[in-house]
Amino acid sequence: MKKLYLIAVTLLMGAGTVLAQDTIVLRNGDELRVKVKEVSDTELKYQMWNNQDGPMYTKKVTDIFMVKYKGGHREVYGNTQPQTTGTATAQQQVQGVAGDHVNTGFMEHEKGDLLLNGRKMSDGQIKNVLGIDGYNTYSSAKAQRSVGKTNIVFGWIEFGIGTVFNILSLMNDFSHSERETYFTIGTLFIVTSQIELPLGYVLKGVGTGRLNWLADDYNSRSTYSDNLSLGFTPTLVCAPDAAGNRTFGLGAGLSLHF
């Protein structure tokens with residue numbers, strides 16, 4: 001029993017250590033476990049988490065994609081400038097930010113890619129910003145859109161081939177049996193295209209819609225925090241009875257905080 005207790009305490013201490021660190025996500029996908037000390041318009045100063053008495057390091061903001069602070073706040077950087085301006089300590093920047101999912105920047109969908117502040121995101125960056133569930137939705141939607149585009153291309157190719165064979169079947173330069181063969185082949189291609197094209201447009205439309213939804217959902221969370229709570233408090237209620245006399249009783253009051 002004592003061993004189990006020590007193991008549990010060790011695991012809890014380890015989890016607390018992981019949660020207490022800041023994480024710098026670079027544009028090449030690398031992640032640094034650090035303690036952010038100071039952020040300015042052009043650079044970020046930090047110490048390595050496992051050596052906080054060691055030297056101070058500096059990274060240019062142009063090399064940084066995102067900083068995930070220990071409190072849950074995420075600071076996403078645009079092409080060259082961070083989303084907050086002025087020189088301030090990391091604690092001052094995070095102070096006043098409510099909830100664990102307050103986003104910065106504007107996300108949009110363009111031709112199957114997700115862009116943040118006008119910059120195309122890599123798969124690793126999307127996973128960092130949207131989480132594993134959001135990334136899985138993104139991967140599925142992008143694959144769906146890609147399959148739809150492929151069906152559309154092949155559908156139009158099949159329609160073109162079928163049209164050519166049908167035209168050949170009308171030419172008198174060929175025998176009756178050849179014209180029938182051309183007509184059969186052409187009809188087969190055209191019928192197949194009538195299956196490929198609608199299916200392709202549907203898949204592409206659904207995939208595009210899901211990608212647009214991911215961007216809209218992210219942008220909607222850029223304004224509102226997750227600190228939505230419902231309060232329950234007892235209240236004193238005064239109401240007249242049937243005879244007109246006032247009676248008092250206990251009631252409950254609900255309040256919504258956001």
Side-chain angles (χ1 to χ4, degrees), residues 23-32 39 41 44 59-69 72-85 93-94 97-159 193-228 258:
T23 303
I24 298 175
V25 182
L26 301 178
R27 294 199 178 278
N28 62 8
D30 293 342
E31 295 188 4
L32 303 176
V39 181
D41 287 346
L44 183 147
K59 281 286 183 186
K60 294 181 179 179
V61 297
T62 52
D63 298 329
I64 299 173
F65 171 68
M66 178 174 63
V67 178
K68 296 186 286 188
Y69 292 100
H73 173 63
R74 297 182 178 189
E75 191 73 26
V76 181
Y77 288 77
N79 294 335
T80 56
Q81 296 295 332
Q83 297 304 306
T84 55
T85 57
Q93 286 194 332
V94 177
V97 178
D100 292 340
H101 302 287
V102 178
N103 301 323
T104 56
F106 179 77
M107 184 180 292
E108 58 187 326
H109 162 243
E110 182 178 290
K111 298 181 180 179
D113 297 316
L114 291 179
L115 284 67
L116 191 63
N117 299 327
R119 190 185 188 100
K120 177 182 174 181
M121 292 190 291
S122 66
D123 287 355
Q125 292 169 344
I126 292 173
K127 190 178 295 184
N128 274 313
V129 172
L130 298 181
I132 186 64
D133 290 338
Y135 175 76
N136 289 338
T137 300
Y138 159 77
S139 299
S140 172
K142 187 171 183 178
Q144 193 174 37
R145 187 178 185 275
S146 178
V147 170
K149 289 177 63 178
T150 301
N151 282 0
I152 291 172
V153 171
F154 278 101
W156 281 114
I157 291 175
E158 291 164 352
F159 182 81
S193 73
Q194 299 310 301
I195 298 174
E196 292 269 14
L197 286 172
L199 179 62
Y201 281 113
V202 168
L203 289 175
K204 181 184 177 183
V206 172
T208 300
R210 294 173 68 195
L211 291 171
N212 286 332
W213 176 85
L214 279 174
D216 292 341
D217 180 66
Y218 176 89
N219 293 330
S220 68
R221 289 189 280 115
S222 297
T223 304
Y224 303 102
S225 69
D226 289 345
N227 280 358
L228 185 66
F258 56 90

Between atom [atom1] of [X] and atom [atom2] of [Y], what is the distance when rounded to the nearest 0.5 Å?
X      : Y      : atom1 : atom2 : value
Leu199 : Ile195 : CG    : CD1   : 9.0 Å
Met107 : Ser220 : CE    : OG    : 11.0 Å
Lys204 : Thr150 : NZ    : OG1   : 11.0 Å
Asp113 : Arg119 : CG    : CZ    : 13.5 Å
Asp63  : Asp30  : CG    : CG    : 11.0 Å
Leu26  : Leu32  : CG    : CG    : 5.0 Å

Any side-chain heavy-atom pair from [X] and [Y] closer than 4.5 angstrom?
X      : Y      : answer
Leu114 : Lys120 : no
Leu214 : Thr137 : yes
His109 : Lys142 : no
Asn128 : Glu31  : yes
Leu44  : Ile64  : yes
Val129 : Met66  : yes
Phe159 : Gln194 : yes

- Message: Donor-acceptor pair, distance only, cut-off 3.5 Å: does the side chain of Asn136 make one with the backbone of Ile132?
- Response: yes
- Task: Without swapping roles, check the side chain of Asn219 against the backbone of Ala215 for a donor-acceptor pair under 3.5 Å.
- Result: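 Present.
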- Note on the structure: Between Gly155 and Ser193 the two heavy atoms that sit nearest each other are O-CB, 3.1 Å
- Task: Test side-chain contact (heavy atoms from CB on, under 4.5 Å) on Tyr201 and Ile152 and set out the steps.
- Result: CA-CA 7 Å; Tyr201 281 113; Ile152 291 172; 3.5 Å; yes
- Pairing residues for Gln125 by the side chain to side chain contact (heavy atoms under 4.5 Å, CB included) criterion, not counting sequence neighbours: Arg27, Phe65, Met121, Ser122
- Query: Using 30° and 60° as the class limits, which term best fits the ring planes of Tyr135 and Tyr138: parallel, tilted or perpendicular?
  - Reply: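 Aromatic pair Tyr135/Tyr138 classed tilted.
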- Message: Set out, in order, the CA-CA distance, both residues' side-chain angles and the distance that settles side-chain contact (heavy atoms from CB on, under 4.5 Å) for Asn151 and Leu203, then state yes or no.
- Response: CA-CA 9 Å; Asn151 282 0; Leu203 289 175; 3.9 Å; yes
